Amino acid sequence: MKLLYTINSPYARKVRIVAAEKHIEITLEEVVLAAPDCPVKLYNPLGKVPVLILDDGDSLYDSRVIVEYLDNRTPLAHLLPLDSSAKIKVRRWEALADGVCDAAVAVMLEQRKAESMQDASFIARHMGKVSRGLQVLNDDLAKNIETGKSKWCVNGAFSLADIAVGCMLGYVNLRFGAVVNLVHDYPNLAALQTALLKRQSFIDSLPVA
Ligand SMILES: N[C@@H](CCC(=O)N[C@@H](CS)C(=O)NCC(=O)O)C(=O)O
């Protein structure tokens, strides 16, 4: 199996971490999306990473499909709970974390335009999604701490929810570290990030400034 990825994609990082946590070997192929010969479009008509190319040549996308596929490949350390109500909770945390990434990516792309071409109301609307998402995730973690359910996002166990939130935090820190102060404004998320950064899978996949 081969994963097409870019080094700072939070969605691809989620997949890399799931594979590492599950001890599944995949070949990593870093791509440059803007390159004319970038292979991603051959495997995903949307032209987005991550894409997992299976040994029979078939391809899987997007990250949510790939992580479920990897999680089901081995019963070792399920990251998506088998119980359906716990699984839905994990998926909701993932949806919100991925949604914050979507908004952060949109802002980053807008800010790469020449200043005269940038739409301030677009940036404000998407930064609103980022800050509301961070606030809700931080508040939901507080509920876990109050009820003694440990530091992890869902039911006191490490899961895909923690991985998705951790990848989102890494991306927000990379792009907006100068304006988003996690420790001050979202202390529960900062504590989760500290716990996650003790795991080798997170250390090995850190975004590169
Ligand atoms: N929902 C998708 C999002 C993937 C995505 O947006 N990837 C970005 C990189 S961070 C990308 O490939 N962008 C290229 C493009 O949109 O053309 C997933 O979870 O895989």
Side-chain angles (χ1 to χ4, degrees), residues 1-22 24 26-54 58-73 79-80 87-113 117-119 122-123 125-127 129-130 133-134 137 153 159-177 180 196 201-202 204-209:
M1 283 186 293
K2 185 160 75 176
L3 184 75
L4 305 182
Y5 78 107
T6 56
I7 196 87
N8 286 332
S9 165
Y11 317 99
R13 188 180 183 206
K14 194 171 51 159
V15 172
R16 288 155 67 205
I17 290 173
V18 166
E21 292 284 344
K22 303 272 301 179
I24 297 172
I26 47 178
T27 306
L28 295 176
E29 183 175 327
E30 192 180 345
V31 297
V32 177
L33 288 166
D37 60 349
C38 178
V40 170
K41 287 188 292 295
L42 302 176
Y43 296 97
N44 175 0
L46 303 174
K48 294 182 183 215
V49 288
V51 180
L52 186 68
I53 306 171
L54 304 178
D58 216 353
S59 56
L60 295 181
Y61 45 86
D62 61 9
S63 65
R64 294 184 212 182
V65 174
I66 300 172
V67 294
E68 182 149 359
Y69 172 79
L70 293 177
D71 199 42
N72 285 333
R73 268 189 68 104
L79 296 167
L80 277 162
K87 180 174 169 177
I88 289 293
K89 282 188 197 167
V90 167
R91 283 298 199 192
R92 201 196 84 155
W93 281 78
E94 182 191 25
L96 184 49
D98 282 11
V100 170
C101 290
D102 294 344
V105 168
V107 171
M108 182 272 294
L109 293 174
E110 188 68 16
Q111 288 179 333
R112 280 192 181 168
K113 293 180 183 168
M117 302 290 283
Q118 291 178 21
D119 180 343
F122 178 93
I123 292 175
R125 194 156 53 83
H126 284 81
M127 281 311 285
K129 293 175 199 269
V130 172
L134 289 171
L137 291 166
C153 297
S159 74
L160 177 65
D162 304 288
I163 296 173
V165 172
C167 293
M168 176 276 288
L169 293 174
Y171 189 76
V172 166
N173 194 45
L174 174 75
R175 300 294 182 213
F176 306 113
V180 176
L196 290 169
S201 59
F202 272 80
D204 291 344
S205 60
L206 278 170
V208 179

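In each ligand, atom 1 is the first atom listed, and ligand 1 is the first ligand listed. Computed from a predicted model, the values in this text were never measured in an experiment.
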- Query: Taking all atoms of both residues into account, what is the closest heavy-atom pair of Gly47 and Val40, and its distance?
  - Reply: C-CG1, 3.5 Å

- Item | Thr6 near ligand 1 by a heavy-atom separation under 4.0 Å | no

- Query: For ligand 1, which atoms sit closer than 4.0 Å to a heavy atom of Asp62?
  - Reply: 1 (N), 2 (C), 18 (C), 19 (O), 20 (O)

- Query: Can an N or O of Val105 be found at a distance shorter than 3.5 Å from an N or O of ligand 1?
  - Reply: no

- Query: To which protein heavy atom is atom 7 (N) of ligand 1 closest, and what is the distance rounded to 0.1 Å?
  - Reply: Val49 O, 2.9 Å

- Message: Keeping Tyr61 on the side-chain end and Pro45 on the backbone end, is there a donor-acceptor pair under 3.5 Å?
- Response: no

- Trp93 and Met168, any side-chain heavy atoms less than 4.5 Å apart: no

- For atom 19 (O) of ligand 1, the closest protein heavy atom turns out to be Ser63 OG, 2.5 Å

- Backbone of Asp71 reached by a side-chain donor or acceptor of Lys22 within 3.5 Å: yes

- Just wondering, do Leu206 and Arg13 contact through their side chains at under 4.5 Å, heavy atoms? yes

- Residue and atom name of the nearest protein heavy atom (relative to atom 15 (C) of ligand 1), distance in Å to one decimal: Lys48 CG, 3.9 Å

- Residue list, side chain to side chain contact (heavy atoms under 4.5 Å, CB included) with Leu109, at least two apart or on another chain: Val105

- Go through ligand 1 atom by atom and flag the ones less than 4.0 Å from a non-hydrogen atom of Pro50. 20 (O)

- atom 17 (O) of ligand 1: which protein heavy atom is closest, and how many Å away? Gly47 O, 3.9 Å

- Message: If we ignore hydrogens and angles and just use 3.5 Å, is the side chain of Asn8 paired with the main-chain N or O of Pro207 as donor and acceptor?
- Response: no

- Between Val40 and ligand 1, which residue portion shows a heavy-atom distance shorter than 4.0 Å: side chain, backbone, both, or neither? neither

- Does the Gln118 side chain pair with the main chain of Lys113, one donor and one acceptor, at a distance under 3.5 Å? yes

- Compare Val15, Leu33, Val65, Leu4 and give the one whose heavy atom is closest to atom 14 (C) of ligand 1. Leu33

- Query: In terms of residue, atom name and distance, what is the protein heavy atom nearest to atom 10 (S) of ligand 1?
  - Reply: Ser9 OG, 3.4 Å

